[in-house]
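Okay, structure first, notes after.
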Amino acid sequence: MDKYEPATVERKWQEVWERERAFYVEDPAPGSAERPKFYMLEMLPYPSGHLHMGHVLNYTLGDVLTHFHRRHGSTVLRPMGFDSFGLPAENAAIAEGGHPREITEENIVNIRRQMRRLGWAIDWDRETSAHEPEYYRWTQWLFLKFLEAGLAYRKQAPVNWCPNDQTVLANEQVVDGRCERCGAEVEARNLEQWFFRITAYADALIDDHALIDWPERTKAIQRNWIGRSEGAEVLFKVEELDEDIPVFTTRPDTLFGATFFVLAPEHPLVARIDSDEVRAYARRAVARPAEERAAGGEKTGVETGLHVVNPVNGERLPVWVADYVLIDYGTGAIMAVPAHDERDREFAETFGLPIVEVVAGAGTLVNSDRFDGLEAAAGGRAIVEWLEEQGRAQPTLNYRLRDWSFSRQRYWGSPIPVVYCDGCGIVPVPEDELPVLLPDVEDYRPKGQPPLASNEEWLNVPCPRCGGAGRREAETMDTFVDSSWYFLRYCDPRNDQAPFERALVDYWMPIDQYIGGIDHATGHLLYSRFFVKVLNDWGMVGFREPFARLFHQGWVTQGGTKMSKSKGNVSGPDQLAELYGADAVRLTILFMGPADQAMEWTPDGVEGMGRFLRRLWRVVNEAAEAAPGKAGNGALARKAHETIAKVSDDIGRRRHYNTPIAAIMELVNELAPRTSDPAARFAAEAAVSLIQPYAPHVAEELWERLGHSRLWEQPWPEADPALLERETFELVVQVNGKVRDRFEVPAGLSEDELVEQALSSPRVQAQIDGRELRKKIVVPGKLVNLVV
RNA sequence: GCGGCGGUGGCGCAACCGGCUGACGCGAUCGACUCAAAAUCGAUUGCCCUUCGGGGCUUGUGGGUUCGAAUCCCACCCGCCGCACCA
């Protein structure tokens with residue numbers, strides 16, 4: 001028998017698959033869907049450097065499912081592409097010199113090579129990258145549709161500003177209130193920004209969770225992020241100005257307990273108060289780093305001298321300005337109820353303000369006039385109803401979710417296709433002039449102005465509407481815009497008339513299984529759902545959710561922290577694949593533990609996996625030499641059938657991807673000393689067939705040696721239910737709940753016969769020790785428990 | 001503070017619906033092969049006691065339900081993750 005040489009075997013089969021285009025799929029002719037479709041997708045990689053073991057876990061998981069579903073008869077679409085715009089490429093270019101495009105494309109070439117080396121079953125014909133003009137042309141086109149529909153707009157908003165680097169930073173680039181790169185303290189600045197109106201879909205994003213099979217915790221994170229709270233908006237009149245100020249409250253039941261009133265320092269009313277003390281406080285509070293302000297601690301504030309009237313009882317309440325009230329939640333003003341809100345209480349205690357209890361311990365209203373005695377929730381509804389009749393309140397929903405800021409003052413992203421014109425304002429670039437190509441610039445370092453603004457030739461264009469002097473938008477789109485629709489483009493990747501054809505996306509979508517990190521719960525996974533809902537409302541797609549089923553792979557950590565290029569703690573698969581083979585690496589990462597839990601990467605397991613594959617090689621080769629015997633119904637045949645049942649159930653139903661490997665190992669362990677058993681051939685075929693999604697190269701080679709071909713197209717094996725029935729089983733006998741003996745008995749004995757068998761055991765008799773039997777518990781097929 | 005996840009041998013973990021705890025692998029120990037080592041093959045491997053028959057203990061802690069609990073319930077401890085002066 002020849003030696004197992006993974007490098008040779010793997011090269012051989014990778015060439016065969018490529019030559020035969022084994023994993024490329026054609027779009028169906030209309031109405032010819034006799035095979036069900038299955039859209040398998042993992043979150044696309046960011047092409048920074050090399051793949052690390054986190055990627056290997058992600059894509060190997062997807063690969064297992066790709067093979068599993070292919071062999072269950074589905075046409076599996078499993079495309080690949082690159083999230084190739086964005087800051088890391090730009091930062092790498094700044095650090096190493098060179099153009100972000102060159103660095104990105106070099107990285108793509110390298111990652112593609114790594115992916116092929118690992119043998120992942122990918123339809124490379126559909127490869128698409130965000131930075132290709134053929135792709136971002138349609139990102140821009142979609143932006144224009146959003147703009148036209150009023151779902152993209154520009155407004156002043158606070159952003160993170162690094163005074164040292166002279167640039168706006170994304171939230172992800174701010175670590176503990178400091179610039180990730182230079183360490184300078186980040187300031188809040190009010191700048192004009194582009195936004196997507198994702199808040200218009202807040203309810204749909206919560207409600208449609210009912211339509212998708214996602215981990216409960218991911219839905220919880222999204223719900224939490226969207227933060228829908230039910231309450232009421234109540235109008236308080238400012239006595240001195242004779243003006244109504246609305247507040248949002250989730251506790252209208254506590255209205256009678258309001259003892260003061262607080263404005264956020266940014267509240268427009270504050271600027272109109274003629275007091276040096278108030279102005280000074282507001283200025284200080286606004287300048288305070290957001291991080292510090294959010295940290296809480298000692299309450300600060302100043303009294304304004306103004307008063308509001310509580311609409312429920314006409315009481316005059318003093319108006320304060322305090323920075324514990326946030327301008328961007330609710331209305332930026334609150335009624336303060338120190339008896340029933342911890343923060344209000346703290347403030348009241350600091351400044352000696354009165355505290356009035358209005359909800360008694362049992363949850364009924366007190367000190368609340370004619371609402372006394374009502375249960376709190378019902379009382380709140382009654383109070384709002386009563387105020388509503390007087391036009392002083394209405395029930396309201398409030399959200400924590402903010403609109404999505406997507407413009408970046410950076411170079412390496414899709415240009416935003418609009419022109420500013422003094423006469424016409426913001427003018428969209430006409431569709432037939434798309435894409436607005438990303439031009440080269442002298443220096444793409446951020447210097448307070450978006451880098452594109454330095455390219456005068458590109459920047460200055462006539463206004464598309466009036467022909468007068470115009471200026472292009474120099475900001476670029478965040479890369480999350482690109483990744484909000486890439487999965488649609490894979491369905492129709494070469495279309496040059498539209499982003500995609502509806503018939504094609506309606507055929508392939510929604511994605512049947514999506515795999516990616518939970519870190520995208522409030523970003524990519526929310527944005528993509530938003531995009532699809534908008535496209536659905538426009539009739540461009542026939543579905544409301546992009547990802548029907550979602551699985552999060554766990555972090556792969558090294559030294560206790562998540563592997564990532566920016567942390568510098570990465571280990572890649574290349575060297576291990578050379579030493580032990582891609583199959584061993586694939587098996588190792590999936591065998592380390594449950595795929596959805598964090599795992600600390602250590603290469604120790606690869607050696608053991610190499611050992612297992614050599615063992616598999618030897619045992620299957622030996623079994624292949626044996627004349628094809630009849631599988632029969634002996635112990636080995638039964639073990640093979642049990643393994644088929646176990647592996648199929650684990651992958652298909654339980655979404656456990658480590659335990660099938662253990663089950664196949666058990667089968668191989670049983671087969672090893674019995675390669676001349678009549679069932680040896682059958683057991684070997686089962687082991688090879690079952691390991692194929694995990695270790696497709698060695699499986700294919702061994703399958704050929706067993707005298708067959710094209711395992712990747714063979715139907716998934718099925719367990720014979722008759723063989724899963726056992727003729728005998730191991731009876732466990734307990735005395736008073738403790739196991740005292742176990743032995744084989746024939747299946748199908750009656751309960752009395754089982755008790756009889758149990759009592760026949762000398763060990764059991766010794767434990768009973770002549771005492772009287774009080775109770776006999778019989779679990780057929782399993783155990784007898786004798787209580788004495 | 002709110003929400004979520006987890007705690008089982010020296011280690012990674014398995015035990016699916018309340019029924020044999022520790023499958024599978026790593027590591028370790030012993031043996032075979034070898035001049036020797038590696039590789040490979042075989043055996044042992046939760047802890048304690050043992051007269052070697054066996055006995056006791058064991059799933060973070062304490063309680064409860066049950067014939068029987070890693071699994072269900074209550075309280076608590078520890079670790080990780082998300083959100084957070086959100087009214």
Side-chain angles (χ1 to χ4, degrees), chain A residues 215-225 227-229 231 247-251 254 258 262 264 293-297 299 322-326 328-337 340-344 346-347 398-401 518-519 521-522 554-555 557 560 562 587-588 591-594 596-600 602 604-612 614-615 618 646 649-650 653-654 656 658-669 672-673 730-742 762-763 766-767 774-779 781-788:
Chain A
E216 210 34 64
R217 75 187 142 142
T218 313
K219 291 184 183 178
I221 289 170
Q222 289 198 341
R223 267 198 311 274
N224 196 348
W225 182 260
R228 170 162 65 188
S229 45
V247 303
F248 173 75
T249 178
T250 56
R251 296 292 305 277
T254 64
V262 188
R293 189 170 155 185
K299 293 273 180 293
D323 69 358
Y324 81 93
V325 175
L326 308 175
D328 54 6
Y329 187 78
T331 62
I334 63 157
M335 61 159 194
V337 186
H340 304 290
D341 182 281
E342 219 176 290
R343 298 150 298 171
D344 295 346
E346 220 181 289
F347 192 85
N398 199 52
Y399 301 87
R400 215 191 63 96
L401 183 70
I518 196 169
D519 48 332
T522 58
W555 300 146
T557 61
K562 187 189 166 197
L587 281 162
T588 303
F591 188 60
M592 285 182 69
D596 56 357
Q597 279 168 38
M599 50 186 95
E600 170 74 9
T602 134
D604 296 349
V606 185
E607 199 158 323
M609 208 47 83
R611 206 169 347 209
F612 166 66
R614 282 193 297 276
R615 188 177 164 84
R618 194 194 76 221
K646 160 95 179 147
D649 189 49
D650 279 358
R653 178 181 64 89
R654 298 180 68 210
H656 286 208
N658 53 332
T659 46
I661 302 171
I664 297 165
M665 285 173 166
E666 275 189 63
L667 175 60
V668 173
N669 287 347
E730 193 178 52
L731 179 69
V732 173
V733 185
Q734 299 178 331
V735 177
N736 288 346
K738 293 204 171 187
V739 178
R740 294 303 177 180
D741 204 0
R742 57 188 75 151
R763 293 188 193 186
Q767 285 296 329
R774 292 237 309 265
K775 208 167 182 181
K776 294 168 278 192
I777 312 284
V778 180
V779 183
K782 274 189 181 141
L783 67 80
V784 170
N785 185 15
L786 303 169
V787 184
V788 296

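Letters A, B, ... mirror the listed sequences (proteins, then strands); counts begin at 1.
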Give a yes/no on whether any side-chain N or O of A:R614 is located under 4.0 angstrom from OP1 or OP2 of B:A39.
no
Kindly say whether, by distance alone, the side chain of A:R742 makes a donor-acceptor pair under 3.5 Å with the base of B:C20?
yes
Taking syn as a glycosidic torsion within 90° of 0 and anything else as anti, which one is B:G9?
syn
Would you state whether a donor and an acceptor, one from the side chain of A:Q734 and one from the base of B:G19, lie under 3.5 Å apart?
yes
Quick one: does A:R653 reach the base of B:C16 with a side-chain donor-acceptor pair under 3.5 Å?
yes
Would you please classify the geometry between the A:F248 ring and the A:Y329 ring as parallel, tilted or perpendicular, with 30° and 60° separating the classes?
perpendicular
Tell me whether the side-chain N or O atoms of A:N224 pair up with the base of B:C83 as donor and acceptor below 3.5 Å, since no angle test is needed here.
no
Using the six-membered ring of A:Y324, assess whether NZ or CZ of A:K299 lies under 6.0 Å from its centre and within 45 degrees of the ring axis.
yes
Test log, rule side chain to side chain contact (heavy atoms under 4.5 Å, CB included), inputs A:R740 and A:L786
CA-CA 10 Å; A:R740 294 303 177 180; A:L786 303 169; over 6 Å; no
Can you tell me how far C1' of B:C41 sits from CZ of A:R611, to the nearest Å?
12 Å
Mark up nucleotides 44-51 of chain B, 5' to 3', with B wherever a protein heavy atom is under 4.0 angstrom from a base atom, S wherever such an atom reaches only the sugar-phosphate, and - elsewhere.
--------
Dot-bracket for RNA chain B, please. Rules: Watson-Crick or G-U, both distances under 3.5 Å, ( ) within the strand, [ ] when a pair crosses earlier ones, | for another strand, . otherwise.
(((((((..(((......[....)))((((((.......))))))((((....))))..(((((..]....))))))))))))....
Of A:K646 and A:P673, whose closest RNA chain B nucleotide lies nearer the 5' terminus?
A:K646
Using the purine O4'-C1'-N9-C4 or pyrimidine O4'-C1'-N1-C2 torsion, is B:G55 syn (within 90° of 0) or anti?
anti
Ignoring the backbone of A:N785, work out which of B:G19, B:A87, B:A14 is nearest its side chain.
B:G19
